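Encoded as structure tokens, the structure appears first; notes follow it.
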Protein chains: 2
Amino acid sequence: MSVPLIDSELLVLAQSFRTTLRHAVYLSRSMDGDGELTTMQMSTLSMAAEEPLRVSRIAANLGIRVPSATEQIIKLEQAGLVSRTPDPTDSRAVLVQLTETGRSAWEDAGRRRNERVAALLAHLDDDDRATLAAALPVIGKLSRTA
Amino acid sequence: MSVPLIDSELLVLAQSFRTTLRHAVYLSRSMDGDGELTTMQMSTLSMAAEEPLRVSRIAANLGIRVPSATEQIIKLEQAGLVSRTPDPTDSRAVLVQLTETGRSAWEDAGRRRNERVAALLAHLDDDDRATLAAALPVIGKLSRTA
DNA sequence: TATAAACTGTTAGGCTACCTAACTATGAGC
DNA sequence: GCTCATAGTTAGGTAGCCTAACAGTTTATA
């Protein structure tokens, strides 16, 4: 990095990236639609799918505050998709865990969403798909940086 | 299309793409932050920046309903960033247009956002940046399909 | 040309997801 | 044992979206 300020090529890329981010948000919203689980709910469930997780961890991962996460989690609990139990090692903390119902609802919804997205991707040619596939980890890297 | 069902490679890509979409939404939200113009407001302004635009066109472009667009536009008008005038060729319609204030506010905010995003992109190496740059139009294509 | 139908936008009312501030209960350090 | 920090919930508020109902304008039709 020999350049002291932000170089203009980077600014041009930033501009396009911003536009694309907007498209992505649009796409993401258009996936939600029906009476299904929302994207946020899906994310929450997928986190809790691997291992019991604290509310604060879930909030951090979703990029929201703890009270907002509590709210969402309570709804998922009322729907019977997750359980909340006190952490045995620290009874202030609460462990959120998928129920059986939650796991299958999550898997089903994931499958349906994948099919819808796949149908979209089917419109691309092979080159475009390869280009896209290559870029996904890069965007992941960026979101970890931010 | 000789394939009758959705092939499994496509499903795998769909899965990664969904994850990345979530990251993108996260990134997009993290850009908004302060007391600045929101992403949606920026989009609205950038549409109206080119030529006076009808409320219904703006709503369609943003992927929201007309009443929601009206709401946003009225706020922008109250902030002095856009003007609303009846369309001379059809007095049911309303043309939304940037004011001088609106244009400079939009340009300033755009610059600041570009700088922030550029700072993020500066963390990537050249290969990653090239990969990302190549993929942006593909995502644009997808959002037009959806 | 009068009348019905279609269209553009606003208003009204409601829902959801987020926020901050204040609180409860537990844990950790001196 | 008392204080301070930490994990989560509760309470109250805001912003952005929605549908339904409405007013005004244009277009089609009899």
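In what follows, chains are A, B, ... by sequence order, proteins preceding strands, each numbered from 1. Being a predicted model, the structure only gives us computed values, none of them experimental. Computed over heavy atoms, backbone and side chain alike; hydrogens, waters and symmetry mates excluded.
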Pairs under 3.5 Å (N/O, protein and nucleotides 13-17 of chain C):
{"from": "dA17(C)", "atom 1": "OP2", "to": "Lys75(A)", "atom 2": "NZ", "distance (Å)": "2.7"}

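- Taking only side-chain atoms of Pro67(A), from C-beta outward, the nucleotide of dA20(D), dG8(D), dT10(D) with the closest atom is dT10(D).
- Put simply, Arg65(B) has a side-chain N or O that comes within less than 4.0 Å of OP1 or OP2 on dT19(D).
- Residues in residues 126-137 of chain A take part in these side chain to side chain donor-acceptor pair (under 3.5 Å) pairs, two or more places apart or across chains: Asp126(A)-Arg129(A), Asp128(A)-Lys141(B).
- Applying the side chain to side chain donor-acceptor pair (under 3.5 Å) test to every pair with at least one member in residues 58-81 of chain B, sequence neighbours left out, gives these pairs: Glu77(B)-Arg84(B).
- Residue Arg54(A) contributes atom CZ, which lies 12 Å from atom P of dT6(D) at whole-angstrom precision.
- Applying the side chain to side chain contact (heavy atoms under 4.5 Å, CB included) criterion to Ala24(B), with sequence neighbours excluded, gives Leu21(A), Ala24(A).
- Atom-to-atom, CG of Leu76(B) to C1' of dA15(D) comes out at 13 Å; the value is rounded to the nearest Å.
- As judged by a 4.0 angstrom heavy-atom cut-off over every strand, Val66(B) is placed among the base-contacting residues.
- The nucleotide whose nearest atom lies closest to any side-chain atom of Ser56(B) is, among dG9(C), dG8(D), dC19(C), dG9(C).
- The one candidate from Leu95(B), Asp87(B), Val94(B), Val96(B) that meets the side chain to side chain contact (heavy atoms under 4.5 Å, CB included) condition with Pro52(B) is Leu95(B).
- Residue Ile58(A) contributes atom CD1, which lies 17 Å from atom C1' of dC18(C) at whole-angstrom precision.
- Taking Ile, Leu, Val, Met, Phe, Trp and Tyr as hydrophobic and joining them when side-chain heavy atoms fall under 4.5 Å apart, one finds Val25(A) in a cluster with Val25(B).
- In this view, Arg113(A) and Asp32(A), Thr39(A) satisfy the side chain to side chain donor-acceptor pair (under 3.5 Å) rule, not counting sequence neighbours.
- Rounding to whole angstrom units, CZ of residue Arg57(B) and P of dC7(C) are separated by 17 Å.
- Among residues two or more places apart in sequence or in another chain, the side chain to side chain donor-acceptor pair (under 3.5 Å) test is passed with Ser43(B) by Arg22(A).
- The side-chain heavy atoms of Ile64(B) and Met40(B), taken from C-beta on, include a pair separated by under 4.5 Å.
- Look at CG on Leu53(B): it is 14 Å from C1' on dT8(C), rounded to the nearest Å.
- Contact check of residues 82-98 of chain B against DNA chain C (heavy atom, cut-off under 4.0 Å) returns Arg84(B), Arg92(B), Ala93(B), Val94(B).
- Nucleotide dT11(C) holds its P atom 12 Å from the CD1 atom of Ile73(B), rounded to whole Å.
- With sequence neighbours excluded, no residue forms a side chain to side chain donor-acceptor pair (under 3.5 Å) with Arg103(A).
- One interatomic measurement links the two molecules: CD1 of Ile74(A) to P of dA11(D), which rounds to 11 Å at whole-angstrom precision.
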